[in-house]
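Worksheet: the structure to be examined is printed underneath.
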Amino acid sequence: MLNKNWKRFQCHRRSPLPRQSGSLMPTRSRIGRIQMSDFSITNEGGRFTRNSRLFLTASALALAAWWPQAAMAQVNDSAPSVGEPDEVVQTQEAESAAGTPGATGESDQVLEKVFVTGIRGGLGRSLEFKKNETSIVEAISAEDIGKLPDISIAESISRLPGVAAQRVNGRAQVISIRGLAPDFTTTLLNGRQQASSGDNRAVEFDQYPSELLSSVVIYKTPDAQVSGMGLSGTADLRTVRPLDFDDRAVVMNLRGSELSGDQLNADVSNSGLRFSASYIDQFANDTLGVAVGFAHLDSPSQNRHFKAYGYESFGFAVTPDSADSALILNGQEVFAYSRENVRDAVIGIVEWAPNAQLHTTLDLYYSKFEQNETMRGAQWFSNGWADNAQFTIDDTRDIGGTLFASNGTVTNIVPQLRNDYNTRDDNLFAAGINQEYQATDRLGFVADLSYSRNSRKEQVLETYAGYGLGVGGVTGSTQNVGRTFDTFGFSLPVEGYPTYTNGLNYADAAQVSLGDRAPWGGWGHDGAIRFPQVEETVKSFDLRGTYDLDGVFKNVKVGLNLTERDKSKRVDDFDLFLLNGRQQILVDPRFLVDPTSLNFAGFGDVISVNLPAALSTYYRASPILDANFFDKNWDISEQVVTAFARSDFEIGRFTGNVGVQFVQQEQESSGTIIQGNPIVPVPVTEGADYSDVLPNFNLIYDIGGGHRLRFAASKTLARPRMDELRANITPSFGLPSTPVAPGSTLNPWSGRGGNPELEPWRATAFDLAYEWYIDSTSYVSIAAFYKDLDSYIYQQTLPFDFTGVPTPTGAVIPPGVVISPIGQMTLPANGDGGSVQGIELSGAFDFKYIHEALDGFGLIGSYSYTESDLNPTAGTNEVRIPGLSGTVYNLSAYYEKGGFQARISQRYRSAFKGEVVQLFATRGFTEILEDKQVDAQIGYNFEGGPLDGFGLQLQVNNLTDSPYRTRLGLDSGGTRTASGGSLQETYEEYGREILFGINYRF
């Protein structure tokens, strides 16, 4: 008999939604759910033969399906479509064929559709969307409400072909598409542009709970009707549409989490909780739909951190002489980080379709993300020039032809002990209302109004301490006040944590006092506190019309989009000084926390201070008003008008669309001219406007039997980074020290700054792809792409007119000398471009085609290779572009049958240049080494009985405890071995995150 959970599906008949507001969410009746494993896909004559299964398997695993004729020999053109992933079609006559689920009847009975949940249900919906889209896309669909395949949306996205995630503090946060930096990607929520709380345009995905999203679509080729498409791609996050459901659905998920290993800091727990609830219902004869959802995240994270500052030879301070030329680590830090990550998010969706002419959708989204980061540890110089350090080298090793000091001791070491406390508070609100009106059978209109606001407030706090207690503070004239020298043993691996031994107890509160202990007269303060703030708003109005045609061209669509974006950044900087003339002081026991262990590097325990409680007791703040402070503060506004025209066509087996966008942008930046001592900022506002014509063409050729070819050509653009658009200028005025003859013309001006007149990155892109949809959960795809960037933005030194910039007070200009306003300015500018090209292989396969005993097993994988000749410098040295990993691959194996689910996934990304937060709350680049992460999960969903709808799930994130690593230097820079190899800079381990939870749907 057929599964008892089958039911007849009734569709809502209404005008179609614009594509960007669609949903790939499964629906389910009140009766129960169906698993894909209950069915067999049939050919015309019945089930595939075993030889056919073996052929399909070999083809999929070898990714050798580029000879369509071989595939067509197995899947006849006249076979029924098996590309309906979330529905299985059967006749009533088939119901009598008990025990033969693959049998087909010959009568024209009523068809029934069954919607499927689970791993293969989500995979099937994703493949169906990918197949039917005219643009080249990748998609992820939730297995069920609130159940995307990973614990974060960024990790789910990073498993798609050609997409890679960058880990920040152990969590996937931003993505790169096809080897280009996150700023080249536009992020949408239900088709609407989203504001970012970061410094630039890249959206940080930890603000979007995976539990509240039904699907994600990555557009790799443009669609003319979607405004703001990214140069590398566009990520559209989508929520449910309540009228896509037949019945009320209530879903709850609860998961507890635990980090492997002990707590790194005693006052921060390593246990957490995730909870979400969703309610979806329909009213007024299914013309009114409502969906609300809430997701709470309380998820700790922690990492053990080591960083090397550099490597040098100190022959004058080394024993024995045979080690004089050996490279020695000249400075290092060992820190223990613990973080509390708390996020609350809600969605509200109202959908109203009173008749076939009107359809209204209101979307509301809000999330609040808070992070409290506690860091404790030590940093010190092991430098022959600092404190007269002396080295005894016990062992050396050869690394790439260079001698390296791997074991020994060093004297005269004074660690700077650190107690830091950082906070982050993000608030995101997005709202949109969409109105469709079907005026006639052929003519329809859509209007969409949206608003997105994102703000971030941070605190970056660091304090210093050391062993000993002196009178006063460390200054240039009193360099060793309270500084107690120690002798350290060290053992340095090529990669991984070093092992140190030390003689003093740095957790002894009777000996360790607050205050600066840095060499060379100290750092001039006893701590620092900074308050970065970013706020961005995006307002948009979109109006479009569609007129259906007869003939080759099926319709014509025209529209207009108006978008206004405003972004501001402020960073208030303060030095911290100990009270009473920087007098070093012991910490009162009421402010102490159990010591923090640095035993992962052999260092032992260090003192731990409750900084939020102790700060006002021991420190005073003094504002820092240097050039760096003023340069980090700016305001930018953009107004973009986009008009488009698009038409879908069909000529025999050819389908596709052709379109064009006309884009007009105005941009304006407000900043300061930063000059003088003390600095007297002079307000300045500059901007530019430009226009672009962006045609695009998407073509599909349906070979038959599930085979198809795709071709796409387009012109695309990406707007400049926000910080590069800042109007700030830091001029310098330098007169020659030698006499200048009267009548001479001098050019004393130079400077650095942003460039509010930057134009976008522009590119011409071509895509070619072959796809074979074997069945609803099996496919093979081979795709190639080529992007020719007309220009690239990079730092250049160019002539600049300093007219209007006041001459510095006190500058003495020789009599009769002419001062030219033309000088040299170093700033970001549009320069020569280059190309980015690559190939992407992807596929999924259901192993039931090999043998019936393997029914339930499946494999999903992708491999991407990308290369570029872009060189974003004005020089001849090759420089890698940010975000480009040459190789990215993902592989997931799963088993799903009878309610049981298991999956293990691995993702790999080769080395790349990544953007990170560096000193003084500024952003910079580092070379992040290859990363391989493994995640696993297992679960069981009850099907029928009193526990129907109830499920259990166990997940382990970062199963192999994959480290985060960087190397010293960028591109060809940094200390190198004789063979050209690099040396370790940063090494971090985050541990495993284990989650166990329950979910219930009714």
Side-chain angles (χ1 to χ4, degrees), residues 20-21 174 182-183 185-208 226-230 234-237 239 343 345-348 362-370 424-434 447-458 531-543 560-571 632-642 663-671 685-689 718-727 754 756 758 760:
Q20 62 265 32
S21 59
V174 293
D183 291 304
T185 300
T186 297
T187 299
L188 313 174
L189 179 63
N190 292 322
R192 304 174 178 110
Q193 294 185 50
Q194 292 296 285
S196 168
S197 62
D199 291 2
N200 290 293
R201 299 183 187 274
V203 166
E204 297 177 358
F205 289 95
D206 50 12
Q207 290 184 280
Y208 298 90
V226 180
S227 300
M229 295 289 285
T234 302
D236 189 5
L237 314 180
T239 57
R343 181 191 61 215
V346 294
I347 60 169
L362 172 67
D363 291 289
L364 300 173
Y365 177 81
Y366 174 77
S367 74
K368 180 179 178 63
F369 185 89
E370 296 179 350
R424 166 185 158 188
D425 187 354
D426 290 1
N427 285 271
L428 169 62
F429 173 72
I433 185 167
N434 182 280
D448 191 276
L449 183 65
S450 66
Y451 174 84
S452 176
R453 179 181 180 274
N454 210 332
S455 64
R456 170 176 295 177
K457 295 182 179 180
E458 295 182 86
F531 299 97
Q533 297 183 55
V534 175
E535 182 173 316
E536 182 174 56
T537 59
V538 178
K539 305 171 187 176
S540 184
F541 175 70
D542 192 274
L543 180 64
L560 185 69
N561 177 275
L562 310 176
T563 298
E564 180 179 298
R565 183 184 301 266
D566 295 286
K567 187 158 193 158
S568 64
K569 181 179 180 182
R570 299 286 181 271
V571 182
K632 290 186 293 188
N633 294 268
W634 40 260
D635 296 275
I636 293 171
S637 63
E638 298 175 341
Q639 293 81 38
V640 182
V641 179
T642 304
V663 182
Q664 171 69 34
Q665 173 159 322
E666 296 182 4
Q667 61 194 33
E668 185 177 87
S669 175
S670 298
T685 298
E686 299 288 347
D689 60 84
R719 294 180 178 85
R721 290 167 53 102
M722 290 293 197
D723 58 353
E724 291 179 337
L725 284 172
R726 71 191 191 281
L758 280 175

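Throughout, numbering of the chain's residues begins at 1 and tracks the sequence. Because the structure is a prediction, the values reported are computed rather than measured. As a basis for the values below, the full set of heavy atoms in this structure was taken, side chains included, without hydrogen atoms, waters or symmetry mates.
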Quick one, Asp199 with Met722, criterion side chain to side chain contact (heavy atoms under 4.5 Å, CB included). Give me CA distance, side-chain angles, the key distance, then yes/no. CA-CA 7 Å; Asp199 291 2; Met722 290 293 197; over 6 Å; no
According to ring-ring contact (aromatic ring centres under 6.0 Å, His included), who are the partners of Phe205, at least two apart in sequence or on a separate chain? none
Using the side chain to side chain contact (heavy atoms under 4.5 Å, CB included) rule, pick out the option among Gln207, Gln194, Glu204 that qualifies with Asn454. Gln207
Check [X] against [Y] and note the closest heavy-atom contact, atom names and distance.
X      : Y      : result
Thr186 : Gly228 : OG1-O, 2.7 Å
Ala430 : Leu189 : CB-CD2, 4.3 Å
Asp566 : Ser637 : OD1-CB, 3.0 Å
Asp183 : Ala202 : OD1-N, 3.2 Å
Val534 : Gly198 : CG1-O, 3.5 Å
Met229 : Val226 : CG-O, 3.1 Å

Looking at [atom1] of [X] and [atom2] of [Y], how far apart are the two atoms once the value is rounded to the nearest 0.5 Å?
X      : Y      : atom1 : atom2 : answer
Asp723 : Lys569 : CG    : NZ    : 7.0 Å
Leu428 : Asp426 : CG    : CG    : 8.5 Å
Tyr366 : Asn427 : OH    : CG    : 4.0 Å
Trp634 : Ser670 : CH2   : OG    : 12.0 Å
Glu638 : Arg201 : CD    : CZ    : 4.0 Å
Leu543 : Leu449 : CG    : CG    : 11.5 Å

Is it true that a side-chain atom of [X] and a backbone atom of [Y] form a donor plus acceptor pair closer than 3.5 Å?
X      : Y      : result
Glu536 : Ser196 : yes
Lys567 : Asn200 : yes
Asn633 : Val571 : yes
Ser669 : Ala727 : yes
Arg726 : Ile636 : no
Gln667 : Pro756 : yes
Ser450 : Arg192 : no
Thr185 : Gly230 : no

In plain terms, say whether Asp425 and Lys368 are close enough for a salt bridge, that is, a side-chain N and a carboxylate O under 4.0 Å apart. yes
Carboxylate-amine/guanidinium contact Asp635 Arg570, below 4.0 Å: yes
side-chain hydrogen bond (donor to acceptor under 3.5 Å, both in side chains) test vs Asn434 passes for just one of Asp542, Asn190, Asp448, namely Asp448
Pair Asp206-Arg343, salt bridge (charged side-chain N to carboxylate O under 4.0 Å, His left out): steps then yes or no: CA-CA 9 Å; Asp206 50 12; Arg343 181 191 61 215; over 6 Å; no
In terms of the angle between their ring planes, are Tyr365 and Tyr208 parallel, tilted or perpendicular, with boundaries placed at 30° and 60°? parallel
Pair Gln193-Leu188, side chain to side chain contact (heavy atoms under 4.5 Å, CB included): steps then yes or no: CA-CA 5 Å; Gln193 294 185 50; Leu188 313 174; 3.8 Å; yes
